[in-house]
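Data block below; observations after.
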Amino acid sequence: MIPTSYTKTLNRFSKFPSVSEWNSKIRSSISQGCTQKALLLFRQMKQSSIEPDKLTFPIIAKASAKLSNLRLSESIHTHVLKSQFMSDVYVQTALVDMYVKCGRVDVARQVFERMPERDVASWNVMIMGFAEFCGAGEVMGLFRQMRVGGFRPDSMTLMALSIASSNSQNLNMVRGVHCIGVQTGIDGDVCVANTWISGYSKCMDLESAQMVFRGIPVVVRTVVSWNSMIAGYAFQGKFVEAFGLYRNMCSDCCNPDLSTMVSLLSSCVRPEALLHGNLIHSHAIQSGFDSDVTLTNTLISFYAKLGDIDSARFLFNGMNERTRVSWTALIGGYAEKGDVDEGFALFLAMEATGEKPDAVTLVAVLSVCGQAGTLELGRWIHEYATSNGLGKNVIVCNALLDMYSKCGSMSEACEVFLSISERTIVTWTTMITGYALNGEFKLALDVFSQMVVLGLRPNHLTFLAVLQACAHAGFVEKGWMLFRMMTEVYKISPILEHYACIADMLGRKGRLKEALEFIQTMPVKPDAGVWGALLGACKTHNDAEIGEYVTYRLLELEPQSAVPYVAMANIYASEGKWDGVAKFRAMMRSKKVRKSPGHSLVQVNGKIHTFTVEDMSHPKGLFIFAVLDSLALQLKEGLEPLLDCGLG
DNA sequence: TTAGGGTTAG
């Protein structure tokens with residue numbers, strides 16, 4: 001159906017317009033965003049027997065690219081082949097670009113290969129296509145061919161290379177492209193410099209990103225330069241720095257846009273940035289940005305990740321238009337909660353609307369399965385991934401690995417691990433964590449050794465995984481060796497979790513004094529996690545002296561926590577020192593600290609059963625305890641459990 | 001040229 005306004009426009013046309021008049025009319029329709037109108041004009045032009053010229057095809061190819069319409073693109077291609085411009089470099093380049101924009105880089109490559117002659121622009125569109133759809137190696141290969149062919153790169157070439165390197169998060173390539181830019185004198189182009197800021201940021205090299213940013217003269221900096229730098233800090237969750245840049249941006253009279261808001265908000269996905277995030281939300285409402293899909297998706301993720309699933313759901317329910325990102329963000333929120341029912345229901349609802357899940361959606365659903373330990377559902381998602389062509393996707397495989405190991409099936413985790421052709425650092429770390437989680441400490445360390453032999457660089461989480469394996473297995477010397485390796489060989493500064501791990505490792509072995517000295521000489525202030533690890537060990541080894549010292553340190557940090565009081569009371573009780581027990585119970589009372597009793601929940605056939613310690617209030621309480629006693633006995637004797645308490 | 005959902009820990 002042709003809108004009346006278009007027909008009116010056409011009627012206002014002079015009776016016999018020339019081809020250049022048609023061209024400019026079509027071009028202006030495209031620039032106004034009226035792509036359909038442009039195509040209609042093209043059809044009218046053909047009907048009025050005006051032959052398209054050399055300029056018409058690139059203009060109309062651009063319209064088809066904007067619509068990502070493959071059938072239309074093929075028909076334009078056929079028109080070109082029948083025309084006198086079938087060998088023209090300008091027209092052919094437009095066809096390559098059109099196919100790239102339609103997501104058919106393979107067809108674009110075929111057209112490119114058959115071009116009788118090429119110029120820098122044709123190389124650029126092909127490299128840009130590769131940058132979007134292929135790996136960094138293939139992009140650089142194409143660039144080398146271009147250089148061998150005697151073509152000199154321009155700013156477009158550099159931008160394409162830069163985008164390819166940041167997409168693949170390849171720091172060496174970003175550096176290489178930066179060098180080429182400096183050598184060829186293209187480093188003065190602000191658009192190119194912006195892609196370097198983004199490239200360095202995505203490779204976590206904020207120092208270099210800052211260096212490029214500061215190198216752009218203040219008057220030349222664009223909103224994109226600021227946004228790229230803010231996004232860099234946001235990517236690492238550095239919200240204080242991101243907001244600092246935002247303030248500088250405003251004082252430099254650069255107006256923030258929607259991208260600025262989205263980046264700032266994404267830097268706030270951490271509990272300590274909740275207020276900053278709320279501020280951005282209200283600012284977005286005031287500026288009318290809150291109807292934007294991207295911003296709403298970020299808001300959903302922000303609330304869901306910070307545990308406010310109701311707000312996330314409210315925003316999701318109120319959306320006029322949802323994308324797969326909206327669904328994935330909310331599923332991710334239920335994964336965080338471990339709510340498998342809601343998470344999976346949402347996944348099915350998404351499918352029912354016809355929205356296709358992608359790799360990231362499956363990762364979120366698998367995370368739900370891992371959190372909840374639902375192995376059968378996890379296997380079902382595995383089959384779903386395979387039958388939808390995502391079974392080889394590395395992030396899906398990593399999530400499968402994590403799901404299987406959390407569900408206790410290391411054999412299936414191993415199968416997935418072996419099937420991954422391009423293992424990333426996440427793959428290896430997940431495998432190490434999986435073995436450690438399932439008590440296979442030796443295997444966890446073997447996987448680590450294999451990884452190091454292969455020349456892969458472990459990160460701080462890999463070391464956390466091996467240190468935890470050592471702590472749980474009691475491999476103290478090995479643990480120390482790895483800790484030194486991390487700091488001295490890999491130059492990774494330990495974070496609080498690493499220190500807590502070492503304290504735990506020494507404490508479990510009963511080396512409490514050593515653990516205490518270690519904590520007291522740490523270069524950073526120990527937090528509750530570090531002291532808590534030592535207190536746990538004091539409890540295990542009944543050391544009231546060190547325990548009491550640790551308790552006071554913990555109470556300085558968390559005065560309202562009941563844990564230290566209870567731990568100390570228990571240590572004294574086990575030694576029969578009732579004065580000590582009374583002292584800590586009295587302290588608890590005077591500080592009005594209350595300990596909520598620990599309880600467990602079991603869901604059977606949709607009904608949730610709650611149990612606390614020595615709790616007989618359940619209708620089948622007596623029977624359940626009898627079964628538990630029987631189970632304990634059978635486990636002690638190494639027998640298979642025989643009884644079923646019949647909750648279902 | 002910039003922005004949204006995701007996997008390793010907790």
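From a predicted model like this one, the values you see are computed outputs, not experimental measurements. In what follows, chains are A, B, ... by sequence order, proteins preceding strands, each numbered from 1.
For the pair A/N297 CG and B/dG4 P, the computed distance is 11 Å after rounding to whole Å. Per the geometry, CG belonging to A/L390 stands 17 Å off P belonging to B/dG6, to the nearest Å. Nucleotide B/dA9 holds its C1' atom 17 Å from the CE atom of A/M431, rounded to whole Å. The CE atom of A/M486 sits 13 Å away from the C1' atom of B/dA9 (whole-angstrom rounding). Regarding A/R457, its CZ atom lies at a distance of 21 Å from the P atom of B/dT8, rounded to whole Å. Residue A/N167 contributes atom CG, which lies 12 Å from atom P of B/dT1 at whole-angstrom precision. Atoms CG (A/L245) and P (B/dA3) sit 15 Å apart, rounded to a whole Å. Note: CH2 (A/W196) to C1' (B/dT2) measures 16 Å, nearest angstrom.
In this structure, A/Y200 has its ring center at least 6.0 angstrom away from the ring center of A/W196.
With B/dG4, B/dG6, B/dT8 as the choices, the nucleotide that has an atom nearest any side-chain atom of A/S266 turns out to be B/dG4. In this structure, of B/dA9, B/dG6, B/dA3, it is B/dA3 that holds the atom nearest to the side chain of A/T294. Checking B/dG4, B/dT8, B/dA3 against the side-chain heavy atoms of A/L258 singles out B/dA3 as nearest. Comparing atom distances between the A/S301 side chain and each of B/dT8, B/dT1, B/dG5 picks out B/dG5 as nearest. Counting only heavy atoms from C-beta on, A/T429 has its side chain closest to B/dT8 among B/dT8, B/dG6, B/dT7. Between B/dG5, B/dT8, B/dT1, one nucleotide has an atom nearer to the side chain of A/C191 than all others, and that is B/dT1. Of the candidate nucleotides B/dG5, B/dT1, B/dT8, B/dT1 has the atom nearest to the side chain of A/T195. When distances run from any side-chain atom of A/S259 to the nucleotides B/dT1, B/dT8, B/dA3, the shortest one goes to B/dA3.
Residue-level contact check: A/V293 touches the bases, meaning some heavy atom is under 4.0 Å from a base atom. Counting non-hydrogen atoms under 4.0 angstrom, A/L330 reaches nothing in the nucleic acid. Among the protein residues, A/T323 comes within range of the nucleic acid bases, having at least one heavy atom under 4.0 Å from a base atom.
Panel note: side chain A/R322, backbone A/F316; a donor-acceptor pair is recorded below 3.5 Å. Between the A/T429 side chain and the A/V426 main chain, no donor and acceptor come within less than 3.5 Å of each other. Under a 3.5 Å cut-off, the side chain of A/H498 and the backbone N or O of A/I495 do form a donor-acceptor pair.
No cation-pi contact links A/R457 to A/Y490, judged by a cut-off of 6.0 Å to the six-membered ring centre and 45° from its axis. For the pair A/R423 and A/F417, the cation-pi criterion (under 6.0 Å, within 45° of the ring axis) is fulfilled.
Between A/K202 and the phosphate of B/dA3, there is a side-chain N or O to OP1/OP2 separation shorter than 4.0 Å.
Residue A/Q468 holds its CD atom at 10.0 Å from CZ of A/F441, rounded to the nearest 0.5 Å. Note that CD1 of A/I127 is 12.5 Å distant from CE of A/M159, once rounded to the nearest 0.5 Å.
Contacts between residues 357-366 of chain A and DNA chain B, counted as heavy-atom distances below 4.0 Å, involve A/D358, A/V360, A/T361, A/V363. DNA chain B is contacted by A/N227, A/S228, A/A231 of residues 226-239 of chain A, taking any non-hydrogen atom closer than 4.0 Å.
A/H276 and A/F243 have perpendicular rings, their planes meeting at more than 60° on a 0 to 90° scale where under 30° would count as parallel.
By the 4.0 Å N-to-carboxylate-O rule, A/R313 lies close enough to A/E342 to be salt-bridged with it.
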